[in-house]
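Beneath this line is the structure, given in structure tokens, with notes to follow.
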Amino acid sequence: MSNNSGGILHAVKRVRGGVFVDHNKLTKDLPVVRITPPDKVVLPMLQHIGAPCTPTVKVGDTVSVGQVVGDSDKLVSAPIHASVSGKVVSVGDVKVASGKMLPAVTIESDGEMRLFEGIEPPKADTREDFIKAVRASGLVGLGGAGFPTHVKLAFDPSKNIDTLVVNAAECEPYITVDYRECIDNSWDVIGGVYTLAEVFGFKNVVIAVEDNKPDAIKILKNIADKDNSRGDIVKLMTLKSKYPQGAEKMMVQSATGRRVPPGKLPADVGCVVMNIASVAFISRYLKTGKPLVSRSMTVSGSAVKEPKNVRVPIGIEAQDVIDFCGGFKKDPVKIIAGGPMMGTALIDTHVPVLKSNNALLAFADGKVTNKRQSACIHCGRCAEACPMSLLPTEIEKLALNKDAEGLVKAGVNVCMECGSCAYSCPAAKPLVQYMRLGKEIVREAGAKK
């Protein structure tokens with residue numbers, strides 16, 4: 001790690017591809033406010049990458065905040081906890097933002113927000129105990145991916161995993177909750193960074209942030225410069241403000257110069273990548289024992305009356321969050337769960353907020369451009385923008401022909417669905433949808449075999 005200027009590192013290696021997008025960080029100066037507890041929450045049993053949970057409560061049960069209501073014995077999974085106190089009124093399928101129907105536990109709030117009596121700071125004196133504690137917290141990646149954090153931390157100690165990369169890039173337009181985490185909860189970030197470094201023996205910690213966040217850079221530099229008995233292991237790195245700079249594989253390459261091969265993970269090149277909100281949560285959890293029952297999210301867009309950064313209970317209805325922000329000042333033509341580049345368009349706001357939802361955006365007419373699709377002009381902009389060096393239009397053809405073998409060879413499974421190709425396409429081709437279709441064709445072909 002080089003290019004140290006005034007205590008701040010600059011990217012070791014420039015990452016190919018990506019696009020320059022308008023930042024629109026309209027809520028960056030708004031501290032996170034806690035929402036009024038809702039009348040009910042709906043807790044789907046799948047809020048993470050991996051195996052779904054099974055409900056551990058039944059209709060009529062009284063539950064408290066932090067009590068486990070769903071769990072699984074599978075490795076890649078994370079328990080789900082009650083985010084309000086009250087009575088279980090339903091255990092059955094509900095619709096989520098993706099349109100899928102998932103098993104869920106619905107809790108009618110008693111308004112007390114009563115904390116579960118068994119909650120206390122966990123014992124995490126050893127590496128194994130620490131990993132068990134993180135699993136018990138229900139933590140999944142809070143940057144949007146939703147990968148169970150305890151699985152990420154349960155790497156083989158004999159492997160040469162020497163670097164923790166803390167992702168504070170927040171490259172998606174509009175979203176500002178990670179920025180507010182840096183500004184409002186810097187002490188939690190400090191605690192999380194140094195605890196993880198101590199428990200897992202990381203020789204290097206890189207806190208990476210885009211250069212369009214000068215206030216966050218100032219605070220994070222103070223964290224990096226903090227005295228530490230293990231030496232000067234924590235460094236702050238500024239990244240060029242270019243989407244998708246915050247993608248895990250891109251982040252590793254920028255921060256360390258190491259390239260994660262197709263089909264591999266950052267751990268395969270000696271790195272662990274964690275979102276800054278996840279790091280701060282671990283610090284708070286170790287002090288209080290309170291599991292992941294709420295999260296911060298940005299509510300913004302031209303249709304929202306009062307844009308805010310809001311702390312919400314997991315499982316609150318998206319409409320309740322919008323209402324807390326004054327409702328709509330104009331009729332929305334598009335509502336998105338997540339960022340505008342990788343988020344999911346909603347046709348219904350009566351869906352629950354999940355652990356991985358970091359934003360709720362609503363746009364009025366005039367702010368959403370619906371281009372008419374036309375024929376490919378073979379300009380190559382999609383391939384130039386792809387950070388994974390794929391040929392999106394070639395994958396489109398293979399998907400239309402349902403050529404599973406060709407799709408695998410073309411690297412469709414390497415695609416991270418960042419949307420850079422579609423954003424760059426002058427023909428307005430829905431290239432990300434073709435990528436998703438291609439992956440589904442490959443999965444179905446594998447199932448048949």
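Atom set for the values below is all heavy atoms of this structure, side chains included, hydrogens, waters and symmetry mates excluded.
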Met341 vs Val19 side-chain heavy atoms within contact, under 4.5 Å: yes
Nearest-0.5 Å distance, OH of residue Tyr194 to CZ of residue Phe202: 14.5 Å
Which residues share a side chain to side chain donor-acceptor pair (under 3.5 Å) with Lys429, sequence neighbours left out: Glu396
Neighbour count >12 (heavy atoms, 6.0 Å) for atom CD, Glu108: no
Distance-only side-chain donor-acceptor flag, His48 / Ser77, under 3.5 Å: yes
Under 3.5 Å side-chain donor-acceptor pair for Glu117 and Ser64: no
Side-chain donor-acceptor pairs of residues 277-286 under 3.5 Å, sequence neighbours excluded:
from   : atom 1 : to     : atom 2 : distance (Å)
Ser278 : OG     : Leu142 : N      : 3.2
Ser283 : OG     : Asp188 : O      : 3.4
Arg284 : NH1    : Glu181 : OE2    : 3.1
Arg284 : NH1    : Asp188 : OD2    : 3.0
Tyr285 : OH     : Ala133 : O      : 3.3

Heavy-atom closest pair, residues Thr349 and Glu317: O-CG, 3.7 Å
Without placing hydrogens or testing angles, list every side-chain donor-acceptor pair under 3.5 Å for residues 90-104, not counting sequence neighbours.
from  : atom 1 : to     : atom 2 : distance (Å)
Ser98 : OG     : Lys100 : N      : 3.4

Pair Lys218 + Asp215, salt bridge at N-O below 4.0 Å: no
Ion pair check, Glu417 and Lys439, cut-off under 4.0 Å: yes
CG/Asp39: more than 12 non-hydrogen atoms of other groups inside 6.0 Å: no
Donor-acceptor pair between Ser296 and Asn309 side chains, under 3.5 angstrom: no
Neighbour count above 12 (heavy atom, 6.0 Å) for Lys330 NZ: no
Summary of salt bridge (Lys or Arg N to Asp or Glu O under 4.0 Å) pairs that have at least one residue in residues 291-309, sequence neighbours excluded: Glu306-Lys308
Residues that Phe130 engages under ring pair (Phe, Tyr, Trp, His ring centres under 6.0 Å), provided they are two or more places apart: Phe200
Arg381/Glu384 salt bridge by N-O under 4.0 Å criterion: no
Lys287 atom NZ: more than 12 heavy-atom contacts under 6.0 Å: yes
Test side chain to side chain donor-acceptor pair (under 3.5 Å) applied to Asn358 - qualifying residues, sequence neighbours left out: none
Salt bridge present between Glu248 and Lys152 (N-O < 4.0 angstrom): yes
Residue among Val69, Ile107, Thr62 satisfying side chain to side chain contact (heavy atoms under 4.5 Å, CB included) with Val57: Val69
